[in-house]
Q: 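Below is a structure I'd like to ask you about.
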Amino acid sequence: MAVSVSTSSAEALCPYRLVLEHVTSRWGVLVLIELLDGPRRFGELRRAVGRVSEKMLTQTLQTLERDGMVHRDAKPVIPPRVDYSLTDMGREAATQVRALGVWTQERMDDVRQARARYDAARAAD
């Protein structure tokens, strides 16, 4: 029988793992990297990240804001204006994540070759 663990229980057991999941999630990575270039409005961020639903981007931003990575600046104007930017901690995380992204891009040929070798070996079995 599977046991369900609430988010707060999971956080208490291993708090850094949840933060790591947030920072390295599919959309978290892209949001952090995009915000390294400077503050963005929601629509700008959504276009820059691409193929993310409004709901998923909202959840990602809220999660990163809760973790102290993203700052949400809501200006009391009409129409409402909300800008998102990185906190100092968010900038640190984004720099690390971007380095991993650059490394991945630089090693993509090696990854393709490894995949081809793996697939060929599996096909031969």
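All values below come from the heavy atoms of this structure, side chains included, with hydrogens, waters and symmetry mates left out.
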Q: Could you go through residues 110-125 and list every donor-acceptor pair under 3.5 Å that involves a side-chain atom there, pairing it with any protein atom two or more places apart or in another chain?
A:
from	atom 1	to	atom 2	distance (Å)
D110	OD2	R107	NE	2.7
D110	OD2	R107	NH2	3.0
R112	NH1	D109	OD1	3.2

Q: Taking R46 for the side chain and V52 for the main chain, is one N or O donor matched with an acceptor at less than 3.5 Å?
A: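 Here the side-chain-to-backbone pair exists.
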Q: Please name the residue in the list T63, T60, D67 that meets the side chain to side chain donor-acceptor pair (under 3.5 Å) test with H22.
A: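 Of all the options given, the one that passes is D67.
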Q: If you draw a 6.0 Å radius around NZ in K55, do more than 12 non-hydrogen atoms from other residues or ligands fall strictly inside?
A: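 Counting other residues, nucleotides and ligands, NZ of K55 stays at 12 neighbours or fewer.
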Q: Which residues pass the side-chain contact (heavy atoms from CB on, under 4.5 Å) test with S25, sequence neighbours left out?
A: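 So S25 forms no side-chain contact (heavy atoms from CB on, under 4.5 Å) with any residue.
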Q: Can you tell me how far the OG atom of S53 sits from the CD atom of Q59, to the nearest 0.5 Å?
A: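 Going from the OG atom of S53 to the CD atom of Q59 covers 7.5 Å.
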Q: With side chains defined as the heavy atoms from C-beta onward, is the minimum distance between R98 and L36 less than 4.5 Å?
A: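 R98 vs L36: side chains touch.
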Q: With the side chain counted from C-beta on, respond yes when F42 and T58 share a heavy-atom pair under 4.5 Å apart, and no when they do not.
A: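 Of all side-chain heavy-atom pairs linking T58 with F42, at least one is under 4.5 Å.
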Q: Any chance you could measure E92, atom CD, to L86, atom CG, to the nearest 0.5 Å?
A: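 One finds 11.0 Å between CD of E92 and CG of L86.
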Q: Would a hydrophobic clustering, with Ile, Leu, Val, Met, Phe, Trp and Tyr connected at side-chain separations under 4.5 Å, put M89 with L18?
A: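 No, it is not one cluster - the side chains of M89 and L18 are not joined through contacts under 4.5 Å.
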Q: Less than 4.0 Å between a side-chain N and a carboxylate O, is that true for K75 and D83?
A: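 Looking at D83 and K75, the cut-off is met.
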Q: With side chains defined as the heavy atoms from C-beta onward, is the minimum distance between R40 and L35 less than 4.5 Å?
A: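 They are in side-chain contact.
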Q: For the hydrophobic clusters of this structure (ILVMFWY residues joined by side-chain heavy atoms under 4.5 Å, transitively), does one cluster hold both V49 and V102?
A: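 No, it is not one cluster - the side chains of V49 and V102 are not joined through contacts under 4.5 Å.
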Q: Under the criterion side-chain contact (heavy atoms from CB on, under 4.5 Å), I'd like the reasoning laid out for M69 against V19: C-alpha separation, chi angles, the key distance, then a yes or no.
A: CA-CA 10 Å; M69 307 289 169; V19 175; 4.0 Å; yes
Q: Mind checking whether R41 and L45 have side chains closer than 4.5 Å, heavy atoms only?
A: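 Not in contact.
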Q: Taking the side chain as C-beta and beyond, is there a heavy-atom pair between V31 and L64 under 4.5 Å?
A: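 A side-chain contact under 4.5 Å exists here.
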Q: Which pair of non-hydrogen atoms, one from W27 and one from R51, has the smallest distance, and what is that distance?
A: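 Closest approach of W27 to R51: CH2-O, 3.3 Å.
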Q: Where do L32 and G90 come nearest, in terms of heavy atoms and distance?
A: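 Closest pair (atom of L32, atom of G90, distance): CD2-O, 4.3 Å.
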Q: Ignoring hydrogens and geometry, is there a side-chain-to-backbone donor-acceptor pair from Q96 to A93 under 3.5 Å?
A: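 Judged by distance alone, no pair lies under 3.5 Å.
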Q: Applying side-chain contact (heavy atoms from CB on, under 4.5 Å) to L30 and E34, what does each step give before you reach the verdict?
A: CA-CA 6 Å; L30 298 174; E34 184 59 35; over 6 Å; no
Q: First locate atom CD of Q62, then atom CG of L57, and finally report the distance between them rounded to the nearest 0.5 Å.
A: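 So the gap between those two atoms works out to 10.0 Å.
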Q: Take T87 and V70, measure what side-chain contact (heavy atoms from CB on, under 4.5 Å) needs, and give me the verdict at the end.
A: CA-CA 6 Å; T87 63; V70 169; 5.9 Å; no
